[in-house]
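All values derive from a computational prediction rather than experimental measurement.
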Amino acid sequence: MTILSMRTRPAETAVPAGLRVGVLALQGDFREHAHVLRELGAHVDAIRRPEELDRIDGLVIPGGESSVMDKLARTFGLAAPLKAAIRGGLPVYGTCAGLIMLADTIIDGMNGQQSLGGLDIVVRRNAFGSQTASFETDLDIAVLGQQPVHAVFIRAPVVETIGARATALATLKDGRCVAVEQGNLLGTSFHPEITGEYRFHQYFLQKVMSAAR
Amino acid sequence: MTKSTSAEQFGSSRVKRGLAEMLKGGVIMDVVTAAQARIAEDAGAVAVMALERVPADIRSQGGVARMSDPDLIDSIIAEVNIPVMAKARIGHFVEAQILEVLGVDYIDESEVLSPADYMNHIDKWNFTIPFVCGATNLGEALRRINEGAAMIRSKGEAGTGDVSEATKHIRTINGEIKRLTSLSRDELYVAAKELQAPYELVVEIASTGKLPVVLFTAGGVATPADAAMMMQLGADGVFVGSGIFKSGNPEQRAAAIVKAVTFYDDAKVIADVSRGLGEAMVGINVSDIPAPHLLSTRGW
């Protein structure tokens with residue numbers, strides 16, 4: 001019955017020793033991301049304070065409540081150094097709330113909600129409605145190979161507009177975009193970290209390794 | 001880039017349990033008006049619980065406590081962007097049907113309201129909407145999960161501001177989980193009998209060492225220190241009921257509890273956020289409450 005028991009063993013990823021990946025641990029399912037990254041051989045640090053950012057080669061922003069992460073990131077002085085790190089080329093992968101945090105523009109955010117930005121997209125928060133409209137489905141994602149990705153959407157955002165610098169990686173049947181990349185940045189509306197899907201994290205670790213070289 | 005290949009599936013266990021996963025490390029706050037819901041969201045609540053009276057008032061006013069008026073729930077849904085939860089009475093599956101139609105995000109089948117059925121809980125598998133249920137021990141938690149609960153909260157004693165029952169329940173649940181992991185396989189049959197829980201779930205917990213759903217804690221949390229203690233005891237997050245809006249300065253206290261949950265293991269942050277919060281809710285010691293008025297004994 002457990003979600004974790006559905007995980008399949010990942011293919012070997014040769015992650016060099018000393019490579020450190022941070023997971024933003026202000027709120028949300030950061031432990032699930034940390035688990036997947038560790039299974040893939042990465043050293044993982046939980047990030048809650050500005051000084052912890054100095055040590056990492058890449059960052060995952062987990063699922064959770066984007067408005068809460070935004071408030072805490074600003075209150076505890078993480079937002080400004082995070083923005084600077086993203087501008088400086090730090091590889092970052094955001095799922096769901098993390099995708100919202102990475103979007104340049106948010107629609108349907110809270111009063112005063114801010115994002116870190118970086119992805120040249122407009123994202124609509126909670127685009128499907130209440131929890132009864134949350135769903136799971138299979139997506140074909142060419143960059144991850146032939147086998148479809150099983151994707152879980154939970155009060156999920158969608159990418160409403162894709163700017164010139166960003167590229168769509170996956171869309172729903174109705175054409176709405178749910179995965180994007182732009183240079184070292186990667187974002188998905190859904191949660192590979194809770195389905196035993198390791199390919200997104202492998203794809204992200206490739207970006208981290210290339211950037212660290 | 002290619003398109004989606006298969007049909008969408010709604011209301012699966014993974015989708016129901018998944019929302020609770022996303023609430024982890026967060027604070028869910030009881031609210032009785034749209035204005036309170038606004039304060040909660042602005043303070044950093046990860047979700048709000050819509051109800052007609054907070055437990056402290058249910059306790060002092062007495063009478064039968066029921067599901068809230070749909071107008072009230074609508075007004076709270078309209079006010080905030082974060083998930084909205086609402087309470088149904090234990091066993092009252094029609095209140096649950098109504099809450100599902102209203103478009104709340106999670107139903108709390110709650111002992112804080114007056115039970116509608118003293119034998120059966122709601123068959124939660126019948127719903128697309130997920131349920132959270134209270135538990136005082138592992139057996140109770142597993143019976144609720146067996147009925148389809150997608151999230152568990154330890155009960156505590158709601159509306160008291162006395163955290164001792166919350167402490168007891170989270171320690172009990174986690175202690176019983178640890179004990180299961182120490183048993184050999186042939187001892188799990190009797191363990192399941194003693195817990196009055198399904199054998200398959202007992203075997204699963206013995207092997208994973210954790211519940212298959214998220215475990216929050218509730219009931220009597222009134223201060224940032226209370227909330228942080230629950231996190232250090234292994235809770236995935238915290239419900240705060242009467243503790244916020246029955247205190248002197250709800251805005252500041254709510255924001256402080258949110259910060260204390262994120263930095264639950266950093267006493268310096270907890271000390272900073274605990275300063276100048278004004279009056280905490282006036283508490284009742286659980287030991288002073290006569291047995292018929294205890295809420296945590298409701299549910300079986």
Side-chain angles (χ1 to χ4, degrees), chain A residues 1-6 25-32 48 62-65 67-68 71-72 75-76 96-97 108-113 125-126 129-143 148 151-155 167-175 177-178 191 194-195, chain B residues 1-19 21-27 38 41-47 77 80-84 100 102-106 127-130 145 200-201 204 207-208 210-213 236-237 255 258-259 261-263 266 269:
Chain A
M1 285 182 84
T2 172
I3 292 166
L4 291 173
S5 70
M6 301 298 290
L26 296 171
Q27 189 273 319
D29 72 335
F30 49 85
R31 284 200 299 263
E32 283 62 29
R48 291 180 296 178
E65 182 46 62
S67 64
V68 175
K71 284 189 188 86
L72 290 167
T75 304
F76 289 94
C96 196
D108 289 348
M110 317 305 176
N111 292 337
Q113 182 171 355
R125 200 186 149 281
N126 194 21
S130 78
Q131 169 64 11
T132 50
S134 295
F135 61 97
E136 45 186 310
T137 191
D138 284 338
L139 300 173
D140 286 323
I141 301 178
V143 294
V152 179
F153 293 81
I154 298 166
R155 285 176 47 100
T167 309
L169 296 180
T171 59
L172 295 170
K173 272 182 298 189
D174 60 14
C177 173
V178 292
H191 297 279
I194 65 168
T195 54
Chain B
M1 188 188 75
T2 35
K3 294 193 175 187
S4 166
T5 50
S6 73
E8 289 89 4
Q9 191 191 351
F10 298 90
S12 63
S13 276
R14 191 183 264 159
V15 165
K16 289 173 170 177
R17 293 173 181 188
L19 177 54
E21 298 284 347
M22 301 311 145
L23 300 175
K24 287 190 299 193
V27 182
R38 165 68 21 229
E41 182 175 281
D42 287 347
V46 78
I77 291 173
V80 296
N81 289 302
I82 53 177
V84 174
E100 183 171 57
L102 292 177
V104 304
D105 296 291
Y106 237 94
F127 291 80
T128 304
I129 190 170
I145 292 167
E200 293 71 22
L201 279 172
E204 180 185 335
S207 98
T208 62
K210 61 190 278 293
L211 288 181
V213 301
D236 289 320
V258 169
K259 292 170 192 164
V261 165
T262 292
F263 290 93
D266 186 333
V269 173

Please state whether the side chain, the backbone, both or neither of B:F263 comes within less than 4.5 Å of a heavy atom of chain A.
both
What part of B:E200 is in contact with chain A, defined as an atom under 4.5 angstrom from a non-hydrogen atom: side chain, backbone, both or neither?
neither
Highest number of heavy-atom pairs under 4.5 Å with chain A: which of B:A43, B:S207, B:P83?
B:P83
Within the side chain of A:Q27, is there an N or O that forms a donor-acceptor pair under 3.5 Å with the backbone of B:M22?
yes
Does any heavy atom of chain B fall under 4.5 Å from the side chain of A:T167, the backbone, both, or neither of them?
neither
Is it the side chain or the backbone of A:L72 that comes within 4.5 Å of chain B heavy atoms, both, or neither?
side chain
Look up atom CD in B:E41 and atom CG in A:N111, then write down how far apart they are to the nearest 0.5 Å.
7.5 Å
Are the charged groups of A:E65 and A:K71 less than 4.0 angstrom apart, N to O?
no
Please rank A:C96, A:S130, A:A97 by heavy-atom pairs under 4.5 Å with chain B and give me the top one.
A:S130
Proximity breakdown for B:A45 and chain A, heavy-atom pairs closer than 4.5 Å
backbone
When the 4.5 angstrom heavy-atom criterion is applied to A:A151 and chain B, the contacting part is neither
Could I get the full list of side-chain hydrogen bond (donor to acceptor under 3.5 Å, both in side chains) partners for A:D29, not counting sequence neighbours?
none
Using non-hydrogen atoms and a 4.5 Å limit, figure out which bit of B:V269 sits close to chain A: side chain, backbone, both or neither.
side chain
Heavy-atom pair of closest approach, residues B:K16 and B:I129
CE-O, 3.7 Å
So, A:R125 side chain and B:N81 main chain: donor-acceptor pair closer than 3.5 Å or not?
yes
Chain B heavy atoms under 4.5 Å from A:T132: which part of the residue, side chain, backbone, both or neither?
both
Using a 4.5 angstrom heavy-atom cutoff, name the option from A:G63, A:S134, A:G112, A:G109 with the most pairs to chain B.
A:S134
Tell me, for A:R155 versus chain B, whether the close heavy atoms (under 4.5 Å) come from the side chain, the backbone, both or neither.
side chain
Within the 3.5 Å criterion, strictly below it, is a donor on B:S12 or A:E136 matched to an acceptor on the partner's side chain?
yes
A side-chain contact here means heavy atoms from C-beta on lying under 4.5 Å apart; do B:I82 and B:V46 qualify?
no
Engaged part of A:F30 at the chain B interface, taking heavy atoms whose separation is under 4.5 Å:
neither
Using the ring pair (Phe, Tyr, Trp, His ring centres under 6.0 Å) criterion, which residues pair with A:F135? Sequence neighbours excluded.
A:F128, A:F153, B:F10
